[in-house]
Amino acid sequence: GQQVMQIPQYQHVQEGEDFTTYCNSSTTLSNIQWYKQRPGGHPVFLIQLVKSGEVKKQKRLTFQFGEAKKNSSLHITATQTTDVGTYFCAASPEEIQGAQKLVFGQGTRLTINP
Amino acid sequence: DVKVTQSSRYLVKRTGEKVFLECVQDMDHENMFWYRQDPGLGLRLIYFSYDVKMKEKGDIPEGYSVSREKKERFSLILESASTNQTSMYLCATTIGGMRSYNEQFFGPGTRLTVL
């Protein structure tokens with residue numbers, strides 16, 4: 001079945017450093033979503049990318065969808081302690097009866113040294 | 001705001017017990033999902049439902065069943081719990097229909113331990 005590979009699995013940075021996590025698929029994706037899960041919390045939706053080559057920004061977060069729609073990245077500029085958590089990408093390979101299934105990447109756990 | 005609640009935050013059961021995990025949402029969403037989350041594996045889809053009494057297998061349905069008798073409630077059932085079902089279980093909902101924007105809203109999760 002559809003697989004989405006996410007790297008790295010862990011990343012530890014100093015506060016103020018940048019951070020990037022990557023998602024890759026062997027097949028073309030209809031869209032990709034990003035979620036953040038704080039320690040002890042549940043995943044919360046950040047953004048969805050649909051178009052080839054799309055770039056979206058949310059303050060210090062930049063999301064990209066590859067031209068071939070097979071990869072995506074999340075980049076955080078100048079990390080802050082509030083950015084701590086696990087970031088997941090989730091891809092939609094198909095739509096079934098209107099229920100859009102998501103396949104999640106393994107997640108990247110970000111820890112920050114203040 | 002969408003509210004998704006799960007019946008328990010923590011649950012401890014013994015091997016062979018029948019376990020019920022309940023999820024309730026208050027936003028009239030058509031679609032509901034059950035995932036399990038394990039370190040290094042991300043979230044894996046167990047079952048989902050796009051309408052009352054409708055259910056579809058996800059990627060790892062073995063050992064689980066589901067029930068959706070009412071639109072707002074989606075139950076996950078472990079017929080005979082085993083230790084390899086120790087995990088965090090997350091329920092999620094989303095608006096139905098062929099829409100391009102359909103973020104999933106998650107419940108707080110149930111951490112199940114099977115002894």
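Quick caveat: nothing in here was measured; it's all calculated off a predicted structure. Residue numbering restarts at 1 for every chain, and letters A, B, ... go by the order of the sequence lines. Keep in mind that the numbers below use all heavy atoms, side chains included, and drop hydrogens, waters and symmetry copies.
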Side chains of B:Gln37 and A:Phe88: closer than 4.5 Å at any heavy-atom pair?
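Yes; the side chains approach each other to less than 4.5 Å.
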
Check: A:Tyr35 and B:Phe106 side chains under 4.5 Å, non-hydrogen atoms:
yes

Verify the distance criterion only: is there a donor paired with an acceptor across the side chains of A:Gln33 and B:Gln104 at less than 3.5 Å?
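Side chains of A:Gln33 and B:Gln104: no pair found under 3.5 Å.
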
Top residue by heavy-atom pair count (under 4.5 Å) with chain A, among B:Pro39, B:Gly40, B:Gly109?
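The candidate making the most pairs under 4.5 Å is B:Gly40.
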
Pick from B:Phe33, B:Tyr35, B:Phe48: which one makes a side chain to side chain contact (heavy atoms under 4.5 Å, CB included) with A:Leu102?
B:Tyr35

Flag yes if A:Ile76 and A:Ile47 sit in one hydrophobic cluster, no otherwise; membership is Ile, Leu, Val, Met, Phe, Trp, Tyr, and two members link when side-chain heavy atoms are under 4.5 Å apart.
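Yes, A:Ile76 and A:Ile47 fall within the same hydrophobic cluster.
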
Side-chain heavy atoms under 4.5 angstrom apart, residues restricted to Ile, Leu, Val, Met, Phe, Trp, Tyr: same cluster for A:Tyr22 and A:Val4?
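No, separate clusters.
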
Has [X] got more than 12 heavy atoms of other residues, nucleotides or ligands less than 6.0 Å from its [atom1]?
X        : atom1 : answer
A:Arg60  : CZ    : yes
B:Arg111 : CZ    : no
A:Arg109 : CZ    : no

Verdict with reasoning, B:Leu90 to A:His42, per side-chain contact (heavy atoms from CB on, under 4.5 Å)
CA-CA 8 Å; B:Leu90 290 161; A:His42 56 274; 4.2 Å; yes

Turns out that what part of A:Gln37 lies under 4.5 Å from chain B's heavy atoms comes down to side chain

Enter the distance from B:Glu103:CD to A:Leu46:CG here, rounded to the nearest 0.5 Å.
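Between atom CD of B:Glu103 and atom CG of A:Leu46 there are 10.0 Å.
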
Please name the pair of heavy atoms, one in B:Leu43 and one in A:Phe104, separated by the smallest distance, quoted to 0.1 Å.
O-CB, 3.6 Å

